[in-house]
Amino acid sequence: MNKKRKKRRMHIQIRIGLLIVMAVLAVFFINKIAKNNNSNEPHPTNKEKDLEFSMGDNLRVAVTQLALSFESFDKSMTNEEGWKEIFIAKFIQNSRVSFDYLDKVSDQSNGEISVSELNYIQYSLTAVEIDFSDYVNEYLINRNDSASGLNHGNIVSYDYEITSDGIIVVADFEVGFDGTDAKKERKLIVNLLKNPESCFDGYSIVSISSEEVTPNIEGDGMEHIFYGTDMMEEDNGIFPFEFSYSEDDMSYAHFVYVDMTSLPELATLVRNNPGCNYKITFILIDVDAETIGNVVPLNVSIE
């Protein structure tokens, strides 16, 4: 009798054990199926990463310098005469701006930039391979032998669209000029190509187009004053002056042409003192441009 009870108890225990094992297996398989179903959905972080773009400081430098150099730029222009000179002036020997890779290389070489580094930086910028050995010859370019233009740029804001080929950026761009608070506004459309080898935050610039949005200057009939240096290139009483600064907030061209054809005394003053710095006073009339590039003076005096 006891043996029968023990055997029955054993069968019950075995059944309970089997039920527990089956329950555990059921939970396991249910969880596995749920995970497999969830795995079909894209990972949120990767999805966000694919859809996001942020313009880093190095890329900002690249876009800004090209936009200041050209109203429109296409990478095919790298084959044109003068491109190498523009590239070195704007991206290597520019006292106004720099970028991380240039700082790193120049710190290691006392400012000297080799041909191979020029080739790499230019490729980073445009994704076009160019050899600078014929331009540099046997001499290294030193980034410390630098200068800068009188204008500077700033990307105020931008929007972007991600395409199969890269990124299209639409940016609000301001151009400022040394010696004046005046600014010109432009709308930029920048076509970027992903380039993992590029030192400009992993992008190269395929093209830039721009549109002026600053209205033409309206005359106010008031006296205005600017200061400039005589360029010693008179053309029948018209003298070009390199703009230095002004006493107003108007936009001036890099060279302002001052018409003294009907003012012989002022013309004689400039002819007798070539290359000097001058103060030019004039009346502002309507200008069919965004900058003041031609004036008839009331007075011209040496500074």
Side-chain angles (χ1 to χ4, degrees), residues 47-78 80 82-83 86-103 121-128 148-217 249-254 289-291:
K47 184 178 180 181
E48 291 173 2
K49 183 177 180 181
D50 291 340
L51 296 178
E52 287 184 355
F53 165 77
S54 179
M55 187 179 294
D57 292 340
N58 297 300
L59 183 56
R60 280 179 178 268
V61 168
V63 172
T64 297
Q65 292 307 306
L66 283 180
L68 288 173
S69 304
F70 305 96
E71 289 189 3
S72 61
F73 170 81
D74 184 274
K75 68 177 185 178
S76 63
M77 296 169 64
T78 58
E80 295 180 0
W83 164 249
I86 293 172
F87 169 77
I88 290 175
K90 290 295 185 178
F91 290 92
I92 307 299
Q93 295 179 323
N94 190 335
S95 60
R96 194 183 292 274
V97 298
S98 187
F99 47 95
D100 291 344
Y101 187 79
L102 179 61
D103 290 338
I121 295 172
Q122 198 286 146
Y123 172 75
S124 293
L125 179 67
T126 64
V128 177
S148 67
L150 294 178
N151 60 350
H152 50 89
N154 178 41
I155 298 173
V156 179
S157 62
Y158 66 89
D159 199 358
Y160 65 90
E161 177 185 352
I162 297 178
T163 68
S164 58
D165 298 325
I167 311 287
I168 297 176
V169 177
V170 179
D172 293 323
F173 188 65
E174 284 185 349
V175 181
F177 304 88
D178 292 351
T180 176
D181 294 331
K183 290 181 173 60
K184 291 173 62 177
E185 297 178 0
R186 292 164 63 185
K187 182 77 69 175
L188 302 181
I189 299 177
V190 186
N191 190 353
L192 299 176
L193 175 69
K194 289 183 179 180
N195 181 358
E197 297 181 18
S198 173
C199 61
F200 296 105
D201 300 323
Y203 289 94
S204 296
I205 299 174
V206 176
S207 64
I208 296 178
S209 59
S210 67
E211 177 185 350
E212 297 283 356
V213 296
T214 303
N216 291 343
I217 294 174
D249 59 355
M250 308 301 292
S251 294
Y252 289 79
H254 184 83
E290 298 86 10
T291 59

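The analysis underlying the following values was restricted to heavy atoms, covering all of them including side chains, and did not include hydrogens, waters or symmetry mates.
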Distance in Å, Gln122 CD paired with Ile92 CD1, rounded so as to fall on 0.5 Å steps: 10.0 Å
Check this for me: Glu212, atom CD, are more than 12 non-hydrogen atoms of other residues, nucleotides or ligands nearer than 6.0 Å? yes
Might you point out which heavy atoms bring Leu193 and Ala127 nearest each other, and give the distance in Å? CD2-CB, 4.0 Å
Distance check, rounded to the nearest 0.5 Å: Leu125 atom CG versus Phe73 atom CZ? 6.0 Å
Hey, mind stepping through Leu192 and Phe53 against side-chain contact (heavy atoms from CB on, under 4.5 Å) and telling me if it holds? CA-CA 11 Å; Leu192 299 176; Phe53 165 77; 3.7 Å; yes
Give the minimum heavy-atom separation between Ser251 and Ile217, together with the two atoms involved. O-CD1, 3.7 Å
Which atom pair, heavy atoms only, marks the closest approach of Asn94 to Ala89? CB-O, 3.5 Å
Mind checking the OG1-CE spacing from Thr291 to Met250? Nearest 0.5 Å is all I need. 10.5 Å
Atom CD1 of Ile162 and atom CD1 of Ile167: how far apart are they, to the nearest 0.5 Å? 4.5 Å
Shortest non-hydrogen contact between Phe70 and Ile86, atoms and distance: CZ-CD1, 3.9 Å
Atom pair OG (Ser95) and CD (Gln93), whose distance is rounded to the nearest 0.5 Å: 10.5 Å
Would you mind listing every salt bridge (charged side-chain N to carboxylate O under 4.0 Å, His left out) that reaches into residues 163-176, with sequence neighbours excluded? Asp172-Lys187
Output yes when a side-chain donor or acceptor of Glu197 lies under 3.5 Å from a complementary backbone atom of Ser124, and no otherwise. no
Which residues share a side-chain contact (heavy atoms from CB on, under 4.5 Å) with Ser209, sequence neighbours left out: Ile189
For a quick test of reading the model, state the closest non-hydrogen atom pair linking Val97 to Lys90 and the distance between them. CG2-O, 4.4 Å
Show every donor-acceptor pair shorter than 3.5 Å between a side-chain atom in residues 54-64 and any protein atom, with sequence neighbours excluded, or say none if there are none.
residue	atom	partner	partner atom	Å
Asn58	OD1	Asp100	N	2.9
Asn58	ND2	Asp100	OD2	3.2
Asn58	ND2	Asp201	OD1	3.1
Arg60	NH1	Ile155	O	3.2
Thr64	OG1	Arg60	O	2.8

For the student: nearest non-hydrogen atoms of Tyr203 and Lys194, plus distance: CE2-CG, 3.6 Å
Given His254 and Asn151, is the side-chain contact (heavy atoms from CB on, under 4.5 Å) satisfied, shown in steps? CA-CA 8 Å; His254 184 83; Asn151 60 350; over 6 Å; no
What's the spacing between Phe99 CZ and Ile121 CD1 if we round to 0.5 Å? 4.5 Å
Begin from the C-alpha positions of Thr126 and Phe87 and carry the test side-chain contact (heavy atoms from CB on, under 4.5 Å) through to its verdict. CA-CA 11 Å; Thr126 64; Phe87 169 77; over 6 Å; no
Tell me, with the steps shown, if Leu66 and Phe91 meet side-chain contact (heavy atoms from CB on, under 4.5 Å). CA-CA 9 Å; Leu66 283 180; Phe91 290 92; 4.0 Å; yes
